[in-house]
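Step one of this worksheet: look at the structure below.
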Amino acid sequence: MKNPHIRVTVVDTDKRRIDAWKSDDLPVSEPGLDSIVHIARDGDEAAGRKPNLFFSDNVSSEIEAADLIFIAVNTPTKTTGAGAGCAADVAHVESAARCIAEASRTDKIIVEKSTVPCGTASILRTIFDVLAPGIKLDILSNPEFLAEGTAIRDLLNPDRVLLGSLEDDSSLAAVNALMDVYAAWVPRSRIITTNLWSSELAKLAANCMLAQRISSINSFSAICEATGANVDELAQAIGTDSRLGNKMLRPSVGFGGSCFKKDVLSLVYIAESLHLPEIAHYWRMVVTINEYQKQRVARRIIQQLNNTLLGKRIAILGFAYKKDTSDTRETAAISIILQLLAERAIISVYDPQVTAETVYDTLERQRAPYDGEVSVIRSNVKVCRDAVTACANASAVVILTEWDHFKTDRVYHLLADQKRSIFAEQGTETSGTCSPTSSKDSAVDVSDPARPSPTLLTAVESAKLERIDWVSIARVVRKPGLVFDGRGVVDSCVLRSLGLRVECIGKPSATTALQTT
Ligand code: UDX
């Protein structure tokens, strides 16, 4: 996109995937991706831009035609053999390297883009030296730090670009060539060069430290719930220390996604292989706390429902591992739903982007902790097209993904728009001590001056805001109507004013708070 003079060809042995990339229906959904692919792939006549992005399953001939090759294959956790469940499986990296070595007739620069264990470049070196003797294949490490949902933004405006290499003249020339590609849009001051092994390790280290911060704040969420402290206030107090910063401090039901757990466990395996058991133990605890958090959340829901879920319906709002994606890999929803099913609950799931088939596939693939049959998952989990249907007759509504869609900042507009007077009906208007503008316990700032006043909002504008209809949800849930907010999405005062009982991650339970006052 930023280097229209460079011809880029994406190759894959999977022809169906390549065909999808050539079509109008791209196989990956990411905000902003479509327009970039369309401009680079199809060109822009009006702007005088010719196509420079191509897709092909003719792997060998495209390898030979290339001057620079990125290896961007996946490195999942090994499932069998030595290191199973922990070590990163570099089989795809190895086979890509063999392909490159066998197809190359001219010198090239080979770039590790995949997240790999520290030392992987030496595996590539051996393969190249044995299979492509006499051909100069310089190896660079250039890990990718983008996050799903913000991938294009992260790529266009990266905090840094990391380039690792050996220090011989040929490798340094290769670094300069790759630096020129990035310099088309990234200021050179943000392009960091390091040795090859530092660069490989830096990607793992960054992901591990990000995951560690989430496990740290989640460990505090447990202490807050037991003591009366408020985890949002704690995160604010910690995050304003400029040495710590305020990112990755949102308490949650546990981190998910394809990277954090895999990369922490890969680091654990590396430390074990290096005979550093204390280091391995230290990092393993990041994953242990994450698993503990998911169990803790499920236990708290079960306790709130009097330790019996038999035949009770529980609505799950959000199944994706984070907002703005349909990705469900390692989502905390898996473990939490399976624990609730084990208590014989009936589950209704609503997620604005995850399809029913994905929900079932994801749960069925990981059902080990639940001793039921696959068919029990299908019969006891219902996937709904909207939140109100999912919440109908639910004894608890559990928020597991931080979709903006679930926020409560439009509840008063909804009330006005629907011309309902739920306060009068339920007699709750004066029962609480909080008003829509007095709440301090939510990620939602209801006093936001940018928020339009209810009276100015038309029905059409209201519909465009696309928030779920909490007013109707309050009417259809089974009384007393418990909402468990595992992501700090809702304003609990607003929901309490609708007659709901609200429990939040990192805040003491409403019942405990009553007992202690
Ligand atoms: C992560 C890294 O951020 C990225 O740099 C790397 O290249 C790939 O792995 P990603 O997994 O896409 O990216 O998402 P991220 O936004 O980091 O969130 C990961 C998980 O942590 C999600 O489940 C998210 O909900 C959770 N999370 C994130 C929290 O629980 N609290 C937070 O404060 C931030």
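FYI, the numbering just counts along the sequence from 1. Numbering of ligands and ligand atoms starts at 1, following listing order.
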Within the side chain of Gln339, is there an N or O that forms a donor-acceptor pair under 3.5 Å with the backbone of Ser335? yes

Within 6.0 angstrom of Asp14 CG, more than 12 heavy atoms from elsewhere: yes

min-distance protein heavy atom vs atom 29 (C) of ligand 1 -> Ile214 CD1, 3.6 Å

Without swapping roles, check the side chain of Asp351 against the backbone of Phe319 for a donor-acceptor pair under 3.5 Å. yes

In the protein, what heavy atom is nearest to atom 10 (P) of ligand 1, and what distance, to one decimal place, separates them? Tyr321 OH, 3.5 Å

State whether Phe145 and Arg160 meet the cation-pi test: NZ (Lys) or CZ (Arg) under 6.0 Å from the six-membered ring centroid, and within 45° of the perpendicular axis. yes

Using a strict 4.0 Å threshold on nitrogen-to-oxygen distance, state whether Arg250 and Asp232 make a salt bridge. no

Take the angle between the ring planes of Tyr350 and His405 and call it parallel below 30°, perpendicular above 60°, tilted in between. tilted

Please verify whether a non-hydrogen atom of Arg487 lies at under 4.0 Å from ligand 1. yes

Tell me which part of Cys259 gets within contact of ligand 1: side chain, backbone, both or neither, using heavy atoms under 4.0 Å. side chain

Between CD1 of Ile347 and SG of Cys384, what distance do you get to the nearest 0.5 Å? 11.0 Å

For ligand 1, which atoms have a heavy atom of Glu144 less than 4.0 angstrom away? 7 (O)

For atom 16 (O) of ligand 1, grab the closest protein heavy atom and report residue, atom and distance to one decimal in Å. Lys322 NZ, 2.9 Å

Among protein heavy atoms, which sits nearest to atom 13 (O) of ligand 1, and what does the distance come to when rounded to 0.1 Å? Ala147 CB, 3.5 Å

Check for me whether Lys203 has a heavy atom closer than 4.0 Å to any atom of ligand 1. yes

Decide side-chain contact (heavy atoms from CB on, under 4.5 Å) for Val264 and Arg284; before the verdict, give the C-alpha distance in whole Å, the side-chain angles of both, and the deciding distance to 0.1 Å. CA-CA 7 Å; Val264 174; Arg284 191 182 282 282; over 6 Å; no

Does ligand 1 have any atom that is closer than 4.0 Å to a heavy atom of Glu402? yes

Selection from Gly257, Gly318, Gly256 by shortest heavy-atom distance to atom 20 (C) of ligand 1: Gly256

Distance-only polar pair, side chains of Asp263 and Ser266, donor-acceptor under 3.5 Å: no

Where is the nearest protein heavy atom to atom 1 (C) of ligand 1: which residue, which atom, and how far? Phe260 CE2, 3.5 Å

Within the 4.5 Å heavy-atom criterion, are Ile18 and Val11 side-chain neighbours or not? no

Candidate with minimal heavy-atom separation from atom 31 (N) of ligand 1, of Lys262, Glu148, Arg250, Met248: Arg250

Pull out every atom of ligand 1 sitting under 4.0 Å from any heavy atom of Ser252, numbered as shown with elements. 29 (C), 30 (O)

Is Leu249 touching ligand 1 with its side chain, its backbone, both, or neither, if touching means heavy atoms under 4.0 Å apart? backbone

Decide whether an N or O pair under 3.5 Å exists between Phe145 and ligand 1. yes

Quick one: look at Leu146 and ligand 1, take heavy-atom pairs under 4.0 Å, and tell me if it's side chain, backbone, both or neither. backbone

